[in-house]
Amino acid sequence: MTEADHTVATVADTVRAVDIDADLDGRSVIAVVEVPATSANLGPGYDALGVALDVPMLAVAREPGPQRVTSHGLGAGELPTGEDNLVWRAVVAWCERVGAAVPDVSIDVHSAIPLERGMGSSSAAAVAGLALGRALVGGPGGNADVLELATQLEGHPDNAAAAIAGGLVACLPEGGFQRVTPDPGLVPVLLIPTTRQNTGHARGVLPVEVPLQVAAANGARAVATFAGLAGLLPLRADAMVDELHEPPRLAIMTTSGQLVAGLRDAGVPAALSGAGPSVLALLDDPSRLTLVTDVVDAVDGAVEVLVARWNLAGARVLRAPVPA
Ligand SMILES: Nc1ncnc2c1ncn2[C@@H]1O[C@H](COP(=O)(O)OP(=O)(O)O)[C@@H](O)[C@H]1O
Ligand SMILES: N[C@@H](CCOP(=O)(O)O)C(=O)O
């Protein structure tokens, strides 16, 4: 299966229907974790704000099989199957952190999170591996160690924090984050172009320095965006405007630029999702979806419209070994 063959919505249904207790080739299940997709930045909250969405990744550890990692769903056929796979590297990172021997397991990953689309696939993979490692070998509970290791693997904390805790998060520069429940009256809609954007590359186009006034204005809008998403104030389209990372990124992602501009012109709060190319729009009334589809119909390039829901649970252990 290639990503072009299936929509995120149909693959998400397939992943939700996976029988996580099924043996495979006689190899029984040892541990299972589920991790959500995420949308980071939310406009002005570069490397700081993130939300979790109901698009799942499942990682199932079984007795060892022919390869270390097998990917199903989105990413199958292109992701590494050996010890260089990010999910496995995260399992190893957790074991090293807690001083445990790395267990000899094979992992099946079932993912509906498309690669390099700005929906946090790499963070989900890292958090899945760390959570699976903890389920397999134990170690400290809480979020701190998982977030620290995921941030090391990723280079930024925003997706990882949302993937760990679910909901809406604000990451603090010195580490850690604060989480709130996003406004249940807001509907997150993802516009997912078929094109891809490697996050590392999209970080490389950003300026090293910005003027003080730009930084100050961005900070003000980030506060208004967080308050709006948390349901404390109405979410305004002009609050989600960013001047740090979106201008250089939208200059290299034409369809995303058209989507963001069209949505904001229509008064719909919207932002580049993560490093793109997907775009996140927020609707305070589901009937406003036609405003979104009108903008999508007007742009160049194919775009999937995914009406999503908030994920509030974050990373969950669905099966774990019974302690001896
Ligand atoms: N299911 C997965 N298993 C292993 N690695 C993954 C998985 N999903 C994503 N990755 C890794 O993350 C990379 C994509 O990360 P990135 O460029 O940050 O885009 P995204 O916006 O999707 O996070 C992939 O090329 C791969 O290396
Ligand atoms: N803050 C990061 C977020 C990247 O998210 P992704 O889903 O595109 O990996 C950034 O803007 O680089």
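Start at 1 and go down the list; that is how both ligands and their atoms are numbered.
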### Task
Return yes if some donor-acceptor pair links the side-chain N/O of R89 with the main-chain N/O of E83 below 3.5 Å, else return no.
no
### Task
Dump the intermediate steps for side-chain hydrogen bond (donor to acceptor under 3.5 Å, both in side chains) on T255 and Q258, then the final yes or no.
CA-CA 5 Å; T255 301; Q258 292 171 339; 4.6 Å; no
### Message
I'd like the residue list for ligand 2, meaning every protein residue with a non-hydrogen atom under 4.0 Å from the ligand.
### Response
A40, N41, Y46, D47, G118, M119, G120, H156, D158, N159, T199, R203, R249, G274, A275
#### Entry: For D104, all residues meeting side-chain contact (heavy atoms from CB on, under 4.5 Å), sequence neighbours excluded
P64, R68
#### Entry: Distance in Å, I164 CD1 paired with R179 CZ, rounded so as to fall on 0.5 Å steps
12.5 Å
### Query
Would you call R27-E63 a salt bridge at under 4.0 Å N-O?
no
### Message
Under a 4.0 Å threshold between the charged nitrogen and the carboxylate oxygen, would D285 count as salt-bridged to R288?
### Response
no
### Query
Ion pair present between R249 and D242, side-chain N to carboxylate O less than 4.0 angstrom?
no
### Query
Listing by chain and number, which residues have a heavy atom under 4.0 Å from ligand 1?
M57, L79, N85, L86, V87, V109, P114, L115, E116, R117, G118, M119, G120, S121, S122, A125, N198, T199
### Message
The criterion is ring-ring contact (aromatic ring centres under 6.0 Å, His included); which residues satisfy it with F177, sequence neighbours excluded?
### Response
none
### Query
Hey, are D108 and R62 close enough for a salt bridge, meaning a charged N less than 4.0 Å from a carboxylate O?
yes
